[in-house]
Amino acid sequence: MLSTEPGPNRWMLGFKEAVLSSFRFLGDFGLRAVDEQVTFVRYESPKVFVNVYHGRASYELGVEIGRLEEPTKKLTIFSIVRWAGAEKAEGFGQHVIFQVSSAEGVQEFVPKLGALVKKYAAPLLRGDESAYDSAFEFQARQYADEVKQMNLAVLRSKAAAAWRSKDYAQIVELYDQVRDDLTVVESKKLAYAEQQVLAVGPRQVPRKR
């Protein structure tokens, strides 16, 4: 079971102090620290909030930014960097996690998070409505695409197994669901599988959508 409370020696990592130092620039945007804990620091302005956290069990560092009027809607710093079109410039891969469990790691990566926020989140820190609309729309599209890619990965794994066992009806049933997303090789496999299914009788052809 994951711990919901930080360990008694967690303060020794110096997370809170690193955040208060590295995110001091938030004061230029009217944000002030309203909650200071050993694994969590929250800033607020009249319109905006910024959460900086160090996962109590995961030790993952992260930043969330949002509007006080919509407290459940949050933008992660990773989505913000991608929204700004700087994913490659910052060396982001498909998944980015700052996971540190040492004081040295905290001192290295908290300032990096602060620098990313300062560099790419300025319109959001100011409470720019159009920036929030654009960023939330981008994050929603990104999430939908990630879900789609995970589902495709599962489907492709099943299709690969069906191909090895020469279960052509199963291949047709699976690939028919995602025709627009098939690779050239997969499209050829689908065409071949359809021929094999039709060759043994129409009763085995799966129902099309």
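Numbering starts at 1 and runs along the sequence shown. Since the structure is predicted, the reported quantities are computational estimates derived from the model, not experimental observations. Just so it is clear, the values below take in all heavy atoms, side chains as well, and ignore hydrogens, waters and symmetry mates.
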Participant: Can you tell whether the side chains of Glu146 and Lys148 come within less than 4.0 Å, N to carboxylate O?
Facilitator: no

Participant: Between Lys47 and Glu69, does at least one N-O distance fall below 4.0 Å, as a salt bridge requires?
Facilitator: no

Participant: Is the distance between the ring centroids of Phe29 and Tyr43 under 6.0 Å?
Facilitator: no

Participant: With side chains defined as the heavy atoms from C-beta onward, is the minimum distance between Val48 and Leu31 less than 4.5 Å?
Facilitator: yes

Participant: Hey, could you give me the CD/CG distance between Glu137 and Asp133, rounded to the nearest 0.5 Å?
Facilitator: 8.5 Å

Participant: If you define the side chain from C-beta out and look only at heavy atoms, does anything of Leu75 sit under 4.5 Å from Tyr132?
Facilitator: yes

Participant: For Ser79, give me all partners under side-chain hydrogen bond (donor to acceptor under 3.5 Å, both in side chains), at least two apart in sequence or on another chain.
Facilitator: Thr76, Gln139, Gln142

Participant: Does Glu64 reach the side chain of Val50, with side-chain heavy atoms less than 4.5 Å apart?
Facilitator: no

Participant: With sequence neighbours left out, which residue pairs that include part of residues 102-114 fulfil the side-chain hydrogen bond (donor to acceptor under 3.5 Å, both in side chains) condition?
Facilitator: Glu108-Lys112

Participant: Applying side-chain hydrogen bond (donor to acceptor under 3.5 Å, both in side chains), name anything that partners Arg156, two or more places apart in sequence or on another chain.
Facilitator: Glu186

Participant: According to a 4.5 Å side-chain heavy-atom criterion applied to Ile, Leu, Val, Met, Phe, Trp and Tyr, with indirect links allowed, do Leu26 and Phe40 form part of one hydrophobic cluster?
Facilitator: no

Participant: Restricting to pairs with a member in residues 23-37, which pass salt bridge (charged side-chain N to carboxylate O under 4.0 Å, His left out), not counting sequence neighbours?
Facilitator: none

Participant: Between Tyr120 and Glu90, is there a side-chain donor-acceptor contact under 3.5 Å, judged purely by atom types and distance?
Facilitator: yes

Participant: Do we see a donor-acceptor contact under 3.5 Å between the side chains of Ser130 and Asp128?
Facilitator: yes

Participant: Looking only at non-hydrogen atoms, find the nearest pair between Arg56 and Arg10 and report the distance.
Facilitator: O-NH1, 3.1 Å

Participant: Going by ring-ring contact (aromatic ring centres under 6.0 Å, His included), name the pairs with one or both residues in residues 48-77, residues two or more places apart or in two chains.
Facilitator: Phe15-His54, His54-Tyr59

Participant: When you measure from the side chain of Ser22 to the backbone N and O of Val19, does any donor-acceptor pair fall under 3.5 Å?
Facilitator: no

Participant: Please write out which residues are connected to Tyr143 in a hydrophobic cluster, directly or through intermediates, given that two of Ile, Leu, Val, Met, Phe, Trp, Tyr count as joined at side-chain heavy-atom separations below 4.5 angstrom.
Facilitator: Val147, Met150

Participant: Would Phe23 and Phe25 satisfy side chain to side chain contact (heavy atoms under 4.5 Å, CB included), going step by step from the backbone distance to the final call?
Facilitator: CA-CA 5 Å; Phe23 285 78; Phe25 69 91; 4.2 Å; yes

Participant: Got Lys189 and Val185 here, is their nearest side-chain heavy-atom distance under 4.5 Å?
Facilitator: yes

